[in-house]
Engineer: 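What follows is a structure written as structure tokens; I'll ask about it next.
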Amino acid sequence: MEIGILEILGGLTVLLFTGYYYFTSTFNFWQIRGVIGPKPIPLYGNFKDIMFGKTSIPDFVKREYEKYSDEPMFGVFANRVPILIVNNARLIEEVLIKHFSSFANRGIRIFENIEPLSANLVNLEAARWRPLRAKQTTMFTTVKLREMFYLMRLCAEHLENTLDVMVKNDDIVECCELTSRFSTDVIGACVFGIDMKALANENSDFRKVGRKFIYADKWRTFKIRLKTICPSLFTLLGYFMYDHEINDFFIKSMMETMEYREKNNMKRGDFVDLLIDLKNHRDKFNFELTDSLLTAQAFAFFFAGFETSSTTMSNALYELALNPEIQNKLREEINYEITKNNGVLEYSIIENMKYLQQVVSETLRKYPIVSVLVRQAMENYTFTFHKLSIPKDTRVWIPVYGIHRNPKIYSNPDLFDPERFNENNTKARNPFYYLPFGAGPRNCIGARFGSMQTKTGLITILRSYKIEASAKTEIPYITHRRRFLLGPADGIYLKFTKLQ
């Protein structure tokens, strides 16, 4: 039986109509609820520029926030999935703290068989997140930070030695790579008890894996887009989507470290010991605590620890290079506090460096690494403040980057001004308009560790070097278009001059 041209055209028409209906059937979601927002288009929703790498998620959300910043909320679509973006401080407080139990999930879909390392504390659903978070919080108490600071200081000494060698060869330094190597070594020494050798060797195994994870090549970019647009096909092609280099290397490294510790009865009181304890008490959890799930928790600290701190350090150096008067004031404080302590850098004296805290806070205000906080409604929910009702599983975003650059909240927001974070200004500002580490129970668990790591790196560099813009410094700052986390497009190149 032959199929005629009319039947073929008819079949294609039905197929196209079905596809069109599928990708647009949700587009009245916000309209019927009285929530305004940009008009979506079939297949992409409002994410076309993101999917084609023309803009980043941080820049997209900031751009849309600027259009609707006077509204308490607005709605967008990721492909066909509705997302509510909340702008108002009272709504943000509702989501993050007051009614946290209704928004305990992040709503990030996890493909554990394909991406086992994604099942970490950052992404996990509430049922597994709660008990694992409670156990891991013990790693970042003040006592623990004091105990591990000597390891951080050793890494800082390696940073200074590495920088001395680099500057002798070329006084123009790419800061993002340098600070990433430092942060990788700090995470290795303080959290995992592993010498990751990133400062000694820029192509160390851990640094290569970290670099690959952050800077997605074309194949990995394709996988991310496929996962977003067609998760069922991504699952079907799981064998081809699995990244052996990242997953196998990290799982193998952590399992070998844990086995070596157990075999030799070695204890260091670090994150590896915590994982071993979890492994030996699997029966206390009401879910399966697999080796890959354990390793995923380690990977979250490895990735978040080196990437967020290193980017914050680089961004701070960028602004200090462009604002020499701020750099000089900060260096004076650093030298004064260390001189008072007989030239020795210790945990306690860093806490006395108030202007350093202001500089770091302003860096995170202007360049919040996590530019969007994501949550998901765990039940049908009606907002107390606005009375909007949303169904279970609706995704909610908080546009941190947009809020931090809102001129009605931060006057002249493109100006780098640490005085925004002096005691009086900080008290006068609504705390829900400054969210570099999130807020509430699902805030950043390693915020204090990351802050200490960032400050230690900055102190080490500024004590010995004057930082200036160079011919290769990208002004103005341009964000990377293919990263979820906010970071520079092509690195940060600055001139380093050794101080006498």
Side-chain angles (χ1 to χ4, degrees), residues 149 152-153 156 159-160 163-164 167 171-173 175-176 178-179 182 309-369 404-405 409-429 434 436 448 450-470 473-477 488 492-500:
F149 184 72
M152 199 176 288
R153 190 169 56 203
L159 168 64
E160 185 173 5
L163 190 53
D164 287 344
V167 172
D171 61 358
I172 307 299
V173 175
C175 296
C176 294
L178 174 69
T179 56
F182 167 66
S309 296
S310 64
T311 304
T312 300
M313 266 187 277
S314 297
N315 290 337
L317 291 170
Y318 176 83
E319 288 293 344
L320 292 171
L322 300 185
N323 296 277
E325 69 288 349
I326 296 175
Q327 181 183 159
N328 291 335
K329 182 177 179 179
L330 176 55
R331 185 179 291 108
E332 287 175 7
E333 178 187 67
I334 291 169
N335 289 335
Y336 174 75
E337 292 294 340
I338 294 178
T339 300
K340 275 202 316 181
N341 200 51
N342 298 318
V344 180
L345 178 63
E346 292 180 345
Y347 178 87
S348 57
I349 69 168
I350 295 180
E351 296 296 291
N352 296 333
M353 298 181 185
K354 305 302 182 184
Y355 195 65
L356 173 60
Q357 178 60 54
Q358 290 177 216
V359 167
V360 172
S361 295
E362 174 67 348
T363 301
L364 289 168
R365 192 279 306 175
K366 193 171 179 181
Y367 309 100
I369 309 304
H404 284 195
R405 294 293 188 98
I409 301 171
Y410 298 96
S411 61
N412 197 1
D414 291 333
L415 176 70
F416 186 80
D417 181 12
E419 292 305 321
R420 300 182 202 273
F421 292 92
N422 64 34
E423 187 175 355
N424 290 335
N425 288 333
T426 299
K427 286 181 178 178
R429 187 168 44 247
Y434 182 68
R448 288 196 300 167
S451 178
M452 187 59 59
Q453 180 179 218
T454 298
K455 291 175 182 178
T456 301
L458 290 174
I459 290 168
T460 302
I461 292 171
L462 293 172
R463 285 182 71 188
S464 300
Y465 285 93
K466 176 183 177 182
I467 317 299
E468 299 172 285
S470 72
T473 305
E474 199 164 58
I475 304 174
Y477 188 103
I492 293 176
Y493 292 86
L494 300 175
K495 180 180 178 181
F496 283 64
T497 303
K498 186 79 172 179
L499 296 173
Q500 302 302 319

Engineer: If we count only N and O atoms by modelled type, under 3.5 Å, do the side chains of T312 and S309 hold a donor and an acceptor together?
Structural biologist: no
Engineer: May I ask you to test the I326-F416 pair for a side-chain heavy-atom distance under 4.5 Å?
Structural biologist: yes
Engineer: Quick one: does Q327's side chain get under 4.5 Å of E468's, heavy atoms only?
Structural biologist: no
Engineer: Y410: what forms a ring pair (Phe, Tyr, Trp, His ring centres under 6.0 Å) with it, not counting sequence neighbours?
Structural biologist: none
Engineer: To the nearest 0.5 Å, what is the distance between CG (N323) and CG (L415)?
Structural biologist: 7.0 Å
Engineer: My understanding is that only residues two or more places apart in sequence, or in another chain, count here; which of them pass salt bridge (Lys or Arg N to Asp or Glu O under 4.0 Å) with E325?
Structural biologist: none
Engineer: Decide yes or no on side-chain contact (heavy atoms from CB on, under 4.5 Å) for I492 and L317, but give the supporting numbers first.
Structural biologist: CA-CA 9 Å; I492 293 176; L317 291 170; 5.9 Å; no
Engineer: Nearest 0.5 Å, please: how far is CG in L364 from OH in Y434?
Structural biologist: 4.5 Å
Engineer: Using a 4.5 Å cut-off on heavy atoms from C-beta on, say whether the side chain of R365 contacts that of R420.
Structural biologist: yes
Engineer: Begin with the C-alpha distance, continue with both residues' side-chain angles, and end with the deciding distance and a verdict on side-chain contact (heavy atoms from CB on, under 4.5 Å) for F149 and L345.
Structural biologist: CA-CA 10 Å; F149 184 72; L345 178 63; 4.0 Å; yes
Engineer: Quick one: does L330's side chain get under 4.5 Å of V359's, heavy atoms only?
Structural biologist: yes
Engineer: What pairs of residues pass the ring-ring contact (aromatic ring centres under 6.0 Å, His included) test when at least one of them lies in residues 316-368, not counting sequence neighbours?
Structural biologist: Y318-Y477, Y367-Y477
Engineer: Would you say the side chain of I338 lies within less than 4.5 Å of the side chain of M353, judging by non-hydrogen atoms?
Structural biologist: yes
Engineer: For N425 and F421, indicate whether the former's side chain and the latter's backbone hold a donor-acceptor pair under 3.5 Å.
Structural biologist: no
Engineer: Please determine whether side-chain contact (heavy atoms from CB on, under 4.5 Å) holds for the pair L356 and E337, giving the CA-CA distance in whole Å, both sets of side-chain angles, and the decisive distance to 0.1 Å.
Structural biologist: CA-CA 11 Å; L356 173 60; E337 292 294 340; over 6 Å; no
Engineer: Does NZ in K340 sit with more than 12 non-hydrogen atoms of other residues, nucleotides or ligands closer than 6.0 Å?
Structural biologist: yes
Engineer: Of all residues at least two apart in sequence or in a different chain, which pass the salt bridge (Lys or Arg N to Asp or Glu O under 4.0 Å) check with K366?
Structural biologist: E319
Engineer: Just by distance, do the side chain of T473 and the backbone of S470 share a donor-acceptor pair under 3.5 Å?
Structural biologist: yes
Engineer: Apply side-chain contact (heavy atoms from CB on, under 4.5 Å) to D171 and list each qualifying residue two or more places apart in sequence or on a separate chain.
Structural biologist: V167, K495
Engineer: Between E419 and K329, does at least one N-O distance fall below 4.0 Å, as a salt bridge requires?
Structural biologist: yes
Engineer: Please round to the nearest 0.5 Å and tell me the distance separating atom CD of E362 and atom NE2 of H404.
Structural biologist: 10.0 Å
Engineer: If every non-hydrogen atom of Q357 is compared with every non-hydrogen atom of S451, which pair is closest and at what distance?
Structural biologist: OE1-OG, 4.2 Å
Engineer: Does any part of the side chain of Q358, heavy atoms only, come nearer than 4.5 Å to the side chain of E423, both counted from C-beta?
Structural biologist: no
Engineer: Would you say the side chain of V344 lies within less than 4.5 Å of the side chain of R153, judging by non-hydrogen atoms?
Structural biologist: yes
Engineer: Tell me which donor-acceptor pairs under 3.5 Å the side chains of residues 457-466 have, and how far apart each pair is, sequence neighbours excluded?
Structural biologist:
| unit_1 | atom_1 | unit_2 | atom_2 | d |
| --- | --- | --- | --- | --- |
| T460 | OG1 | T456 | O | 2.8 |
| S464 | OG | E160 | OE2 | 2.9 |
| Y465 | OH | D164 | OD1 | 2.4 |

Engineer: Is there a side-chain hydrogen bond (donor to acceptor under 3.5 Å, both in side chains) between S314 and T179 once you walk through the steps?
Structural biologist: CA-CA 7 Å; S314 297; T179 56; 2.8 Å; yes
Engineer: Are L494 and L320 close enough that some pair of their side-chain heavy atoms sits under 4.5 Å apart?
Structural biologist: no
